[in-house]
Asker: 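One structure follows; several queries about it will come next.
In this text the structure is predicted, and so the values were computed from the model without any measurement.
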Amino acid sequence: MKKSLKPILEGLAVGCVFISITMLFSIPMYMSLIIGALAALGGYRNAIKMDKEKAEKNKIPDEHNE
């Protein structure tokens with residue numbers, strides 16, 4: 001999978017899950033879509049942050065293994 005496509009897919013997955021959950025409650029559809037869009041944005045940003053932290057962690061050698 002391309003590195004730039006992974007955060008987008010994770011964000012969309014989070015957004016779809018939140019839309020599904022909010023549809024269980026009796027709230028208007030537009031509010032579910034807004035909540036889903038905000039969740040998708042948060043999931044996208046979180047995926048980028050986690051990938052960056054993972055890359056930094058792998059870049060720094062572990063001093064305890066020396």
Side-chain angles (χ1 to χ4, degrees):
M1 182 183 304
K2 288 185 177 180
K3 201 168 197 170
S4 62
L5 186 61
K6 185 180 176 211
I8 294 171
L9 290 178
E10 287 184 22
L12 286 175
V14 170
C16 290
V17 167
F18 269 81
I19 289 174
S20 300
I21 291 171
T22 56
M23 291 303 292
L24 293 174
F25 304 104
S26 58
I27 61 173
M29 180 66 170
Y30 71 92
M31 289 179 73
S32 293
L33 293 176
I34 291 171
I35 292 169
L38 292 174
L41 181 63
Y44 172 76
R45 292 182 57 167
N46 189 39
I48 290 174
K49 184 179 78 171
M50 287 178 61
D51 287 344
K52 192 181 295 184
E53 288 175 357
K54 186 177 179 181
E56 288 176 2
K57 184 179 178 183
N58 290 338
K59 194 181 289 186
I60 299 171
D62 194 11
E63 294 176 2
H64 299 290
N65 289 337
E66 292 180 1

Asker: Enter the distance from Lys54:NZ to Lys57:NZ here, rounded to the nearest 0.5 Å.
Answerer: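 Those atoms lie 9.5 Å apart.
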Asker: Name every donor-acceptor pair, under 3.5 Å, that has one atom in a side chain of residues 36-49 and the other anywhere in the protein, sequence neighbours excluded.
Answerer:
none

Asker: Not counting sequence neighbours, which residues clear side-chain contact (heavy atoms from CB on, under 4.5 Å) with Leu12? List them please.
Answerer: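 Per chain and number, Leu12 pairs via side-chain contact (heavy atoms from CB on, under 4.5 Å) with Ile8.
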Asker: Can you list, pair by pair, the side-chain donor-acceptor contacts under 3.5 Å of residues 18-26, counting residues two or more places apart and other chains?
Answerer:
{"from": "Ser20", "atom 1": "OG", "to": "Cys16", "atom 2": "O", "distance (Å)": "2.9"}
{"from": "Thr22", "atom 1": "OG1", "to": "Phe18", "atom 2": "O", "distance (Å)": "3.0"}
{"from": "Thr22", "atom 1": "OG1", "to": "Ile19", "atom 2": "O", "distance (Å)": "3.0"}
{"from": "Thr22", "atom 1": "OG1", "to": "Ser32", "atom 2": "OG", "distance (Å)": "3.1"}

